[in-house]
Asker: 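Pasting a structure below so you can have a look.
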Amino acid sequence: MIYKFFNITGLLCLFFKVSLSSQLEYKLNILVDVLASILNFIGSIFILSLFFTNGSNLGGWSWAETLIVLGIYNLLESFTISILQPNLTQIVRHVQQGTLDFVLLKPIDSQLWVSFRSISLWGLPSLLCGIILVSYGFYQSDYHFALTTICAFILLLSCSVVILYSLWFLLATTSIWFVKVWNATEVLKSLLMAGKYPIHAYPATLRLIFTYLIPIAFLTTIPAEAVLNRISVEMIVFTLCFTILFFCISRAFWIFALRFYTSASS
Amino acid sequence: MSCISVLGLSKTYFITNKKPGLRGAISNFIRKEVIPVKAVDDISFEINPGEIVGFIGPNGAGKTTTLKMLCGLIHPSSGELRVSGYRPQLRKPAFLNQITLVMGQKQQLIWDLPPLDSFRVNAAVYGIPEAEASRRITELSSMLDLNDELTRPVRKLSLGQRMKAELLASLLHRPKVLFLDEPSLGLDVNAQARVREFLIEYNRIYKATILLTSHYMGDITSLCKRVLVIDKGKLFHDGSLDQLTNRFSPFRSVKIKFSEVYPRSLFTKLGTVEHHDQSILKLKIKRTQLSSSLSYLLQNFDIIDLEIKDPPIEQLIRDLFNNNR
């Protein structure tokens, strides 16, 4: 088991090394992407600040607290840009060109390969913005630093990463039937933007939808509550179960979908 | 024990039938007309370890579908399949470690990086230790005549070089069963010959079983003692190339050079005169009458040179598939 774990970690490192060297072949992209990230970052802080011009709060969340939510959103975005986007667009291409054949013939878990084959550096600016925002928000709010807080935050953030991954992966899997699903992922991205603000800022019905149907609450609000030490043990356990369930569904769906893969003709 | 065994294998695809134009697109969007197409229809064969078998047939005959079922990429609609004792569709790692699929029109090498990087990824995926991997890369690249190409980005390689690198990438784990789908597609004559020589050598050294499809009869005649001929999903020949010619081409071409000029009418009863020019005669004679006709010719005429040939295999295959339509 441990041997297998190290094996997979080694393999992932190699995947990332290879894909980074592949990106270095095209050096010019870097600057534009970094610039876009910075502008995007400034823009979202500005919009958020508009809600607070009169000193009001957002669904019971203060300015500093909302910054933590926005910071977590940025962290997830960096994960999307570095891992989800480059790999899951590749699934669509694999299906379109029939090169999924090669993936399926490797003696390695096909989900692992299609999900983590490449990594993009362009998620780094978002990662940095996220870390700054979460730290700043935490510093500004009057909560005390505790080890349990950090542990709960890391745990719940990992959960939100897994949920986000499962959502994307579910959608990308449908390309086995529909081939081109790229527009659908754009819709998903827009929906996920709702995660920039705490879930309590939305009306009750939307809140229900964003919790159970499209689990946006789990993505940003719940990890933010962990930072703010406002989360109960029951909620942590519930989130954990929900995450495991969600991941299992996405995996089962992939295995199910592969039965229908007919591979592009030659 | 046979290495590949196929019994009553069938595959039915459901394809949508779409009429042309906007109207067709709309009606297709509202209600898809789905029709079943039998790509592979009840075929059975066995292949022994170490055999090289050619799989021939026109486009859309079901060759690629069969290969993909043998690899486990496509689930068969019905029938029994065994490759090295495994059921391919389960795609067990132990099975995948023993096979490889090379496709002439699809590539697995990373486009922007030198082939060596792709080899390293494959070696890691198959769990080949680094030292062993580099030993194998050296060995295979010398067999394939690859040197500097290994450190150049794949996008800068010629088609022939790329195919050779593809072969290396697919054979790094030393598979015992090779499925090759038109490995020589688009290659020039030299590159084709190099690939063929390589396959023969690989087969000899590693006792690998090879099943290959190709539209170049050169590949088939130089590599395969046995061919499977498939058309419209049905297998209609399984045997040697000679048997195929005997079965489907009952004639032989005979070219004779005489020391003097004889009238054409003397030869018409022997067979079809294809060409008669001064002292040179080309005749198409039925196989069954070949020996009697030849002894008649040798006894009654003064012959300088005699040549007996099978009709070209390309011609034979073309006739075969045309008649079958």
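All values reported here derive from a predicted model rather than from experimental measurement. Note on naming: letters A, B, ... go to the chains in the order of the sequence lines (proteins, then strands), and numbering restarts at 1 for each one.
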Asker: Can you find a pair of side-chain heavy atoms, one from Gln107(B) and one from Thr99(A), that are under 4.5 Å apart?
Answerer: no

Asker: Which one, Val18(A), Leu100(A), Ile108(A), leads in non-hydrogen pairs under 4.5 Å with chain B?
Answerer: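 Ranked by contacts with chain B, first place is Val18(A).
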
Asker: What's the separation between atom NZ in Lys106(A) and atom CG in Asn97(B), rounded to the nearest 0.5 Å?
Answerer: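 Result: 11.0 Å between the selected atoms.
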
Asker: Nearest 0.5 angstrom please: Asp101(A) CG to Leu73(B) CG, how far?
Answerer: 4.5 Å

Asker: For residues Arg91(B) and Leu258(A), determine if any side-chain heavy atom of one lies less than 4.5 Å from a side-chain heavy atom of the other.
Answerer: yes

Asker: With a 4.5 angstrom heavy-atom cut-off, could you sort out which part of Leu104(A) is near chain B: side chain, backbone, both or neither?
Answerer: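 Both parts, heavy atoms under 4.5 Å.
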
Asker: Distance check, rounded to the nearest 0.5 Å: Leu101(B) atom CG versus Phe102(A) atom CZ?
Answerer: 6.0 Å

Asker: CG of Asp117(B) to OG of Ser19(A): how many Å apart, nearest 0.5 Å?
Answerer: 11.0 Å

Asker: Could you walk me through whether Val121(B) and Arg117(A) satisfy the side-chain contact (heavy atoms from CB on, under 4.5 Å) test, starting with their C-alpha distance in whole Å, then the side-chain angles of each, then the deciding distance to 0.1 Å, before giving a yes or no?
Answerer: CA-CA 10 Å; Val121(B) 170; Arg117(A) 181 64 188 75; 4.0 Å; yes

Asker: Which atom pair, heavy atoms only, marks the closest approach of Ala124(B) to Leu14(A)?
Answerer: CB-CD2, 3.4 Å

Asker: Kindly check if the number of other-residue, nucleotide or ligand heavy atoms within 6.0 Å of CD (Glu186(A)) is above 12?
Answerer: yes

Asker: In terms of heavy-atom pairs under 4.5 Å, which option from Ile99(B), Leu96(B), Asn122(B), Thr100(B) contacts chain A the most?
Answerer: Leu96(B)

Asker: About how many Å separate CG of Leu105(A) and CZ of Phe95(B), when rounded to the nearest 0.5 Å?
Answerer: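 Nearest 0.5 Å value for the CZ-CG distance: 8.0 Å.
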
Asker: To the nearest 0.5 Å, what is the distance between CD (Gln97(A)) and NZ (Lys106(B))?
Answerer: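 So the CD of Gln97(A) and the NZ of Lys106(B) are separated by 9.5 Å.
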
